Amino acid sequence: MDTIQRLNQTIDYIEEHLDQEINTRELAKLNCCSDYHFQRMFSFIADVSLAEYIRKRRLTAAAFDLQHTEIKIIDLAVKYGYQSADSFTKAFYQIHQVTPSKAREKGVELKSFPPISFQLSIKGAIAMKYRIEERSAFKVVGIKEQISTIDGENAKEIPKIWERVNQDGTAERIEELANTTPDGILGVCANFTPVTMDYWVAAATTLAAPTDFETLEIGSQMWAIFEVVGPMPEAIQDAWQRIFSEWFPKSGYEHADGPEFEWYSLEDPAREDYLSEIWIPVVKIN
């Protein structure tokens, strides 16, 4: 079963459980990856977060119920997972621009968000340069912070980390440790949970860690390595989008749930020809 089939099964599961608790970990299992990676993959491919998609589908179903049944608003709120009629009314209004009671009137205009259907599409002839490599175990040394992955908080926190290490000289100290492939400074994401991950600014090295640095051991692994050319951060953000929406669905590989990282060359990151790489741990799909 490929990624597209799994995603469509996920949509079917959501539709069958709109009026029940939807455990995102179960959806992740269906897609053979961690909760964090599944939600990220869904967001890249569907262009909407999983939580937002479920919310819109539930409020679409709620509008249908209001127009076709006599269900009480408080019962409808409970049915679709809201703690009170007030919280349901607020969410309903944000989507439909009318209150639930108003939605029962004839002629009221409501919004409908239909279920997503995933299909393989041809996006053009823009090539993606990548290679598959088997790497023996290695270690990275640097600084680590645990950050939230809820509501895209990681996208806000990571630039702050880089600003700090560049200003206080930490980045230069890390660069001096780099003595093995991939040679240079790395941004590493590891130890994913449904709501957090560890983010490292680090270097691959055979040297011992200074007392104020930490060490992450990375085991033997198959890697999909993508070349990225263009100014930061736009080029690398676009590459992540394309990897999950264009490459993974028909690649014959899936995410192996280990640490992943970005490699940065030591040139000016604003250059149009700036070179970086994305390293993703992968396994072949059986």
Side-chain angles (χ1 to χ4, degrees), residues 4 6-31 34-119 121 147-160 192-197 237-238 240-241 244-245:
I4 298 298
R6 288 173 178 163
L7 285 169
N8 282 319
Q9 283 193 352
T10 300
I11 296 301
D12 292 341
Y13 179 95
I14 291 171
E15 288 301 302
E16 294 168 3
H17 295 80
L18 286 177
D19 58 353
Q20 304 169 41
E21 181 180 358
I22 297 176
N23 188 330
T24 58
R25 294 185 186 183
E26 291 300 316
L27 300 182
K29 287 181 182 178
L30 185 62
N31 288 271
S34 70
D35 191 354
Y36 171 75
H37 287 303
F38 168 68
Q39 294 200 45
R40 188 169 59 154
M41 176 177 66
F42 187 96
S43 178
F44 278 134
I45 297 177
D47 202 28
V48 62
S49 72
L50 178 63
E52 181 68 4
Y53 173 74
I54 293 172
R55 186 176 77 92
K56 287 181 175 179
R57 285 297 304 137
R58 282 175 166 162
L59 292 172
T60 294
F64 184 88
D65 288 350
L66 284 167
Q67 292 202 319
H68 294 86
T69 73
E70 298 299 321
I71 188 171
K72 295 180 179 179
I73 291 176
I74 182 59
D75 293 335
L76 193 62
V78 172
K79 177 180 179 180
Y80 290 111
Y82 291 87
Q83 299 299 313
S84 68
D86 286 345
S87 61
F88 170 70
T89 297
K90 182 178 179 180
F92 191 92
Y93 188 86
Q94 287 177 340
I95 291 292
H96 298 286
Q97 298 300 298
V98 296
T99 63
S101 56
K102 184 74 174 178
R104 284 203 146 114
E105 299 178 7
K106 291 184 178 179
V108 172
E109 186 176 88
L110 300 169
K111 292 181 180 179
S112 175
F113 295 90
I116 289 173
S117 177
F118 293 97
Q119 299 177 358
S121 62
I147 58 177
S148 171
T149 57
I150 298 174
D151 296 330
E153 190 66 23
N154 49 306
K156 302 174 186 176
E157 289 303 314
I158 289 174
K160 295 178 183 177
F192 302 98
T193 77
V195 294
T196 65
M197 71 176 182
Q237 290 173 348
D238 179 65
W240 278 109
Q241 172 81 33
F244 278 93
S245 64

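These numbers come from a predicted model, not from an experiment.
Between L18 and A61, the shortest heavy-atom contact is CD1-CB, 4.4 Å. Contact record, A46 with I116: CB-CD1, 3.8 Å, taken as the closest heavy-atom pair. The nearest pair of heavy atoms linking S148 to I150 is OG-N, 3.1 Å. Here the closest non-hydrogen pair linking S245 and I45 is CA-CG1, 3.6 Å. When all heavy atoms are compared, the tightest approach of I73 to P100 is CD1-CB, 3.8 Å. The minimum heavy-atom distance linking A103 with L66 is given by the pair CB-CD1, 4.0 Å.
Every pair passing side chain to side chain donor-acceptor pair (under 3.5 Å) that includes a residue from residues 59-68 is listed here, sequence neighbours excluded: D65-K79, D65-Y80. Residue pairs meeting the side chain to side chain donor-acceptor pair (under 3.5 Å) criterion with at least one member in residues 13-23, sequence neighbours excluded: E15-R57.
Put simply, the side chain of D35 never gets that close to the backbone of A28: no donor and acceptor are under 3.5 Å apart. With T149 contributing its side chain and V195 its backbone, the two residues share a donor-acceptor pair below 3.5 Å. Panel note: side chain T10, backbone R6; a donor-acceptor pair is recorded below 3.5 Å.
Shown here are the side chain to side chain contact (heavy atoms under 4.5 Å, CB included) partners of Q237, two or more places apart in sequence or in another chain: P233. For H96, the ring-ring contact (aromatic ring centres under 6.0 Å, His included) partners two or more places apart in sequence, or in a different chain, are F92. For S87, the side chain to side chain donor-acceptor pair (under 3.5 Å) test picks out S84, with sequence neighbours left out. With sequence neighbours excluded, no residue satisfies side chain to side chain contact (heavy atoms under 4.5 Å, CB included) with A155.
Using a 4.5 Å heavy-atom cutoff, the side chains of E52 and R55 are in contact. The side-chain heavy atoms of L50 and I14, taken from C-beta on, include a pair separated by under 4.5 Å. In this structure the side chain of Y93 never reaches within 4.5 angstrom of the side chain of L59, judged on heavy atoms. For the pair W240 and R40, the minimum side-chain heavy-atom distance is below 4.5 Å.
In this structure, CZ on F192 lies 13.0 Å from CD on Q39, to the nearest 0.5 angstrom. In this structure, CZ in F42 is found 7.5 Å from CD1 in I54, a value given to the nearest 0.5 Å. Rounding to the nearest 0.5 angstrom, the gap separating the CD1 atom in I11 from the OH atom in Y53 is 4.0 Å. Going from atom CD1 of I95 over to atom NZ of K56 covers 5.5 Å, rounded to the nearest 0.5 Å. In this structure, the separation between OG on S34 and CZ on R25 is 10.5 Å, given to the nearest 0.5 Å. Atom CG of L76 and atom CZ of F88 lie 4.0 Å apart (nearest 0.5 Å).
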For this session: Any chance you could lay out the side-chain contact (heavy atoms from CB on, under 4.5 Å) test for T24 and Y36, step after step, and finish with the verdict?
Result: CA-CA 9 Å; T24 58; Y36 171 75; over 6 Å; no
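Heavy atoms from other residues, nucleotides or ligands lying under 6.0 Å from CD of E70 number 12 at most.
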